[in-house]
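Report on the structure given below.
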Amino acid sequence: MTNTFTKEIIHDFVSLFFPNYCRACHGSLVKGEEVICSACMLELPRTNYHEDPENPLFKKLTGRIRINHASAFFHFRKGNKVQELLHTLKYKNQPEIGVMLGRAYGSLINEAFPNLYDFIIPVPLHKSRKRKRGYNQSAEFAKGLSQELAIPYSEEVLERVIATTTQTKKSKLNRWENVNEVFNVNNPTPIRDRNILMVDDVVTTGATLEACGHTLLKNGSNSVGIACIAATQ
Ligand SMILES: [Zn+2]
């Protein structure tokens, strides 16, 4: 009783200095809500791809790479709430958004295909970019998924060896001969014979995930699948 009371006082005190607000609508969070309010979570446009093995994202990628499943939590459209939220996650020093969404999506994935994966690999940032930003937003999503799926994730296994800029991204990644130059596996031991869930924040063409997947398979992973926060249509 006393303990709970003390905790509530501390909670209220901390809230004075670190207001507990929804990162999507900036409204106040009520007790039990964290990072994003329940109303926003209901309003964000879900794809429900996890319920449909033949979903548009899977169709887009299959044939280019051998994947067992591909899904994304939300639809990404220019100007929609998802785009705003991902921008905040990426550039406003709020990694907790990624963790929260990872936990929420993890519970859906766990229901749809339990035990399909045994290791999670986020699409890596080049180390210079990660140093600048302080964290990799996809790794934060991976962290939340890892907690919910109860399987490990690692930021150390796969590294991005070429720092692609927005302008060069397309031409570099779309050329098959250069794909193997972008990512590198440091240590293949943790991923050997593992069924890997690859995660990214937004998937557009899928070229990045395709390159990551080929690198993982080439280094001995048994299978790869994909879970992203959002997908463009
Ligand atoms: Zn909200």
Side-chain angles (χ1 to χ4, degrees), residues 4-52 55-57 70-113 120 122-123 125 129-130 132-150 153 155 197-204 209 226-233:
T4 313
F5 184 65
T6 312
K7 269 187 193 156
E8 283 197 17
I9 288 180
I10 291 170
H11 175 268
D12 292 345
F13 185 74
V14 168
S15 300
L16 267 178
F17 300 98
F18 303 99
N20 214 7
Y21 67 95
C22 170
R23 306 317 191 270
C25 71
H26 304 281
S28 304
L29 293 177
V30 299
K31 270 181 191 149
E33 292 177 341
E34 49 164 345
V35 187
I36 300 167
C37 76
S38 319
C40 283
M41 280 306 285
L42 282 174
E43 209 183 287
L44 292 169
R46 301 189 181 205
T47 67
N48 294 319
Y49 285 171
H50 61 284
E51 292 172 353
D52 173 18
N55 66 67
L57 181 61
S71 66
F73 202 171
F74 303 115
H75 290 295
F76 183 98
R77 294 187 198 95
K78 259 208 156 83
N80 79 350
K81 222 172 193 170
V82 176
Q83 186 193 24
E84 229 176 274
L85 195 60
L86 288 178
H87 184 85
T88 308
L89 163 64
K90 219 163 152 176
Y91 301 110
K92 302 278 175 73
N93 194 27
Q94 297 196 13
E96 64 274 16
I97 295 173
V99 181
M100 186 272 181
L101 292 177
R103 279 205 296 263
Y105 202 38
S107 74
L108 298 181
I109 288 183
N110 220 2
E111 263 176 52
F113 27 89
I120 305 173
V123 169
L125 293 178
R129 186 169 295 179
K130 193 188 162 188
K132 205 171 142 202
R133 196 174 290 167
Y135 59 92
N136 172 357
Q137 70 280 359
S138 300
E140 299 303 317
F141 184 56
K143 193 188 289 175
L145 284 166
S146 163
Q147 289 168 5
E148 194 64 33
L149 298 174
Y153 83 100
E155 282 190 74
L197 178 61
M198 299 188 293
V199 308
D200 206 355
D201 51 352
V202 186
V203 50
T204 47
L209 285 158
I226 289 162
C228 297
I229 301 177
T232 56
Q233 278 167 308

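As a basis for the values below, the full set of heavy atoms in this structure was taken, side chains included, without hydrogen atoms, waters or symmetry mates. Both counts, for ligands and for their atoms, begin at 1 and track the order of listing.
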Checklist entry - Between L85 and I229, is any pair of side-chain heavy atoms under 4.5 Å apart? => result no
Next on the checklist: If we only look closer than 2.8 Å, how many protein N, O or S atoms does the Zn ion (ligand 1) have near it?
Outcome noted: 4
Checklist entry - Which heavy atom of E155 sits nearest a heavy atom of K130, and at what distance? => result OE1-NZ, 3.0 Å
Checklist outcome for this item: Looking only at heavy atoms, the pair that brings L125 and Y135 closest together is CD1-O, 3.8 Å
Next on the checklist: Whether R23 engages the ring of Y21 as a cation-pi pair (distance to the six-membered ring centre under 6.0 angstrom, angle to the ring normal within 45°) should be assessed.
Outcome noted: yes
Checklist entry - Would E84 and K81 pass as an ion pair if we require N to O under 4.0 Å? => result no
Checklist outcome for this item: Those residues at least two apart in sequence (or on a different chain) that pass side chain to side chain donor-acceptor pair (under 3.5 Å) with S146 are none
